[in-house]
Number of protein chains: 2
Amino acid sequence: MNGPDRTVVEICSALGDDTRWAILRRLEAGAASASALAEGLPVTRQAISRHLEILRGAGLVERERHGRELRYRAVGTRLGAAANQLGLMAAAWDRRLELLRERATSGTEPGQPG
Amino acid sequence: MNGPDRTVVEICSALGDDTRWAILRRLEAGAASASALAEGLPVTRQAISRHLEILRGAGLVERERHGRELRYRAVGTRLGAAANQLGLMAAAWDRRLELLRERATSGTEPGQPG
DNA sequence: ATTTAGTGCAATCATCCTGTTGCACTTCAC
DNA sequence: GTGAAGTGCAACAGGATGATTGCACTAAAT
């Protein structure tokens, strides 16, 4: 658990917005174009298009031409990897806390290194 | 996979910032106060204090009095739950894509519902 | 060729976020 | 009590972000 991948920060940043979650929820029901998404959300097509670019940059979404429209679909690969990494990190944090408690029980004070 | 928990969005938002990652990385090496953290990071103590409040609001960090100082430590419980949820979501997305490919192979076009 | 649907790009605006400085308050040490 | 360390709160500046409008471009349908 050295440092967080750049990708993870990017994914988290992308998932830190309500509108983007709304978009992803729509995409869970099937691929859709920016215009189609705009008809069900309280923002303009251009705003959604921008959000989709961010999601695509984070690897959460891919697009595909279908005639004159671009259909976006949610892709789980990157998100799965990020989730795994976060899970490991969380486990490490909890493990650390357990170790501290064990040492506390054995009477040794675990001061700050540095 | 109905909708994302409010907590997950908050956690993602909290993890979408580089300074906060830097703080968490420090906390992985041991609990520390805002002032102590400020000595190793290129931002002021007040800025760090604000970040710590955000991390605390997301449940990624807890604090504890030690004399006149407040020591913060990373807690994995919430993050673990969020990671799990994200992992399930990612798996669902990939599963959806597989289903589409299966149907495509059997000749049926999976148009958009709606 | 004209119309229509879908998209992209640029400029603009309001808002939020991050970081700063400055000051007041508490608490430990002397 | 005095000084120093640690913290909290408030006001402010700068930059990033989310959303809008307006216009131009491409591709399918008539």
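Note that the structure is predicted; figures quoted are calculated from it, not measured. Hydrogens, waters and symmetry mates are skipped; everything else that's a heavy atom, side chains included, is used. Lettering of chains follows the sequences in order, A, B, ..., and the numbering in each one begins at 1.
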Only counting residues at least two apart or in another chain, list the ones meeting salt bridge (charged side-chain N to carboxylate O under 4.0 Å, His left out) with A/Arg56. A/Glu53

Before you tell me yes or no, could you show the steps for B/Arg71 and B/Glu69 under side chain to side chain contact (heavy atoms under 4.5 Å, CB included), namely the whole-Å CA-CA distance, both residues' side-chain angles and the distance that decides it to 0.1 Å? CA-CA 6 Å; B/Arg71 282 192 197 163; B/Glu69 75 179 354; 3.0 Å; yes

Atom CD of B/Glu69 to atom P of D/dT7: distance rounded to whole Å? 6 Å

What is the separation between atom CH2 on B/Trp21 and atom C1' on C/dT18, rounded to the nearest whole Å? 19 Å

Please examine the side chains of A/Met89 and B/Leu79, heavy atoms only from C-beta on, and report whether any two atoms are closer than 4.5 Å. yes

Close N/O contacts between protein and nucleotides 26-30 of chain C (under 3.5 Å):
residue	atom	partner	partner atom	Å
C/dT27	O2	B/Arg68	NH1	3.4
C/dC28	O2	B/Arg68	NH1	3.4

Separation of C/dC9 atom P from A/Leu52 atom CG, nearest Å, is 14 Å

How long is the line joining CG of B/Leu37 and P of D/dA5, in whole Å? 18 Å

Could you give the distance from CZ (A/Arg50) to CZ (A/Arg45), rounded to the nearest 0.5 Å? 12.5 Å

Within the pair B/Ser49 and D/dG8, is there a side-chain N or O less than 4.0 Å away from OP1 or OP2? yes

Single-linkage hydrophobic cluster, 4.5 Å side-chain cutoff, B/Val43 and B/Leu70 together: yes

Looking at B/Trp21 and B/Leu15, would you say the former's side chain and the latter's main chain have a donor-acceptor pair under 3.5 Å? yes

Separation of C/dT20 P from B/Leu41 CG (nearest whole Å): 11 Å

OP1, OP2 of D/dG8 versus side-chain N and O of B/Arg63: anything below 4.0 Å? yes

A/Arg20 side chain reached by A/Leu55 side chain, heavy atoms, under 4.5 Å: yes

Spell out protein contact along nucleotides 17-25 of chain D as letters: B when the base is contacted, S when just the sugar-phosphate is, - when no protein heavy atom is under 4.0 Å; keep the 5' to 3' order. -SSBBB---

Checking salt bridge (Lys or Arg N to Asp or Glu O under 4.0 Å) for the pair B/Asp18/A/Arg6: CA distance, chi angles, key distance, verdict? CA-CA 9 Å; B/Asp18 288 320; A/Arg6 251 268 153 280; 3.3 Å; yes

